[in-house]
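Inspection log for the structure reproduced underneath, given as structure tokens.
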Amino acid sequence: MMNTPNFLSIQSWKQSEFWLMAIAGGLMSIHLTLIYHRNNVSFLALSLMFWLSAFSLVWDKRQELAKQTSSPLATLLGMLIIAMVLLKSATRPTSNWLGVSPFISAIGWSLIASGFSGFREYWRELTILFFLGVPKVFIWPLVDISGITAKFATLILWYSGADVSLDQFNVMLPDGGVSVNMGCSGLEGMFYLLGLSVLFMVMFPLEGLWKKIIIPVVAVLISFVVNGFRIVLLAVLANAHKPAAVYYWHVGEGSLIFSMISVALFGCFCWFMIKQDTPPTNQDTPSQ
């Protein structure tokens, strides 16, 4: 009598590359769907980029998935983590949860795929999804740069010759001004660009420790400076008594334009770093 394989066994299930990739794709789809229904366009685009980058790294190693093994304890723990993610996702998740759930999902998935050694096997994927939202969730309540942003915007206006004054967090011009709070301090954009810098370094590793240090530093500085000019624009528009324009550049589509400017400038810097890291090619042809 022929023995038929038990496809329902945990060992065969977890070693199947098809099911592991399906689980990864399902977790990605659930997370992106939840963000889509919250109408957070910027975070949706960022999450899609990070998920696809992590998924592409896993896809490149898909042939190795069937060869990797995991202990029963690690498999059970990974399944419990993913079950917790699915349960929480079904109960009106908060924005903080949406920021950390991709990283938690990646931990559960790596435990199922490779056990506790999965943290070493999939450190790139874990790093990418960690910087998608975890730093913002845990550092945001502890850091307030509103005062620094207000001083920077005031300095720009002062150097441009404007009659500007600073009252704590208020950037004041003769006929109006703006109040800089946590929401418009630029901290959120700094976290986003920091995540992009980590994504760039993982996907395009460059030689030299100084490059690994300067890339995230430049990313944060670009976001801070661009947002400072956004505060300047808001103050000028408020001084000119144009509330519709203030709304557009504050919470409307205009705020996304400044985010795009930050990303574009950082993209140019990344291109420059890649060009610097690429060895020159000898295009000289031997003479006949």
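Positions are given from 1, in the same order as the sequence printed here.
The OG1 atom of Thr33 sits 10.0 Å away from atom NE2 of His31, with the distance rounded to the nearest 0.5 Å. Note: Leu34 CG to Ser47 OG = 10.5 Å, rounded to the nearest 0.5 Å. Rounded to the nearest 0.5 Å, atoms CZ (Arg230) and NE2 (His250) are 5.5 Å apart.
No hydrogens or angles considered: a donor-acceptor pair under 3.5 Å links the side chains of Asp144 and Ser146.
Hydrophobic side-chain contacts under 4.5 Å tie Leu76 into a cluster, directly or through other members, with Leu80.
Scored by the side-chain contact (heavy atoms from CB on, under 4.5 Å) test, Ser223 finds Met190, Leu193 as partners (sequence neighbours excluded). For Val198, the side-chain contact (heavy atoms from CB on, under 4.5 Å) test picks out Thr127, Phe131, Met201, Val202, with sequence neighbours left out.
More than 12 heavy atoms of other residues, nucleotides or ligands sit less than 6.0 Å from atom CZ of Phe116.
In terms of heavy atoms, Met182 sits closest to Val143 at CE-O, 3.4 Å. When all heavy atoms of Ser262 and Ile222 are compared, the pair lying nearest together is O-CG2, 3.7 Å. The shortest non-hydrogen separation linking Cys184 to Ile231 is O-CD1, 3.5 Å. When all heavy atoms of Ala238 and Val246 are compared, the pair lying nearest together is N-CG2, 3.7 Å.
The aromatic rings of Phe130 and Phe103 sit perpendicular to each other, their planes meeting at more than 60°, with 30° as the lower class boundary.
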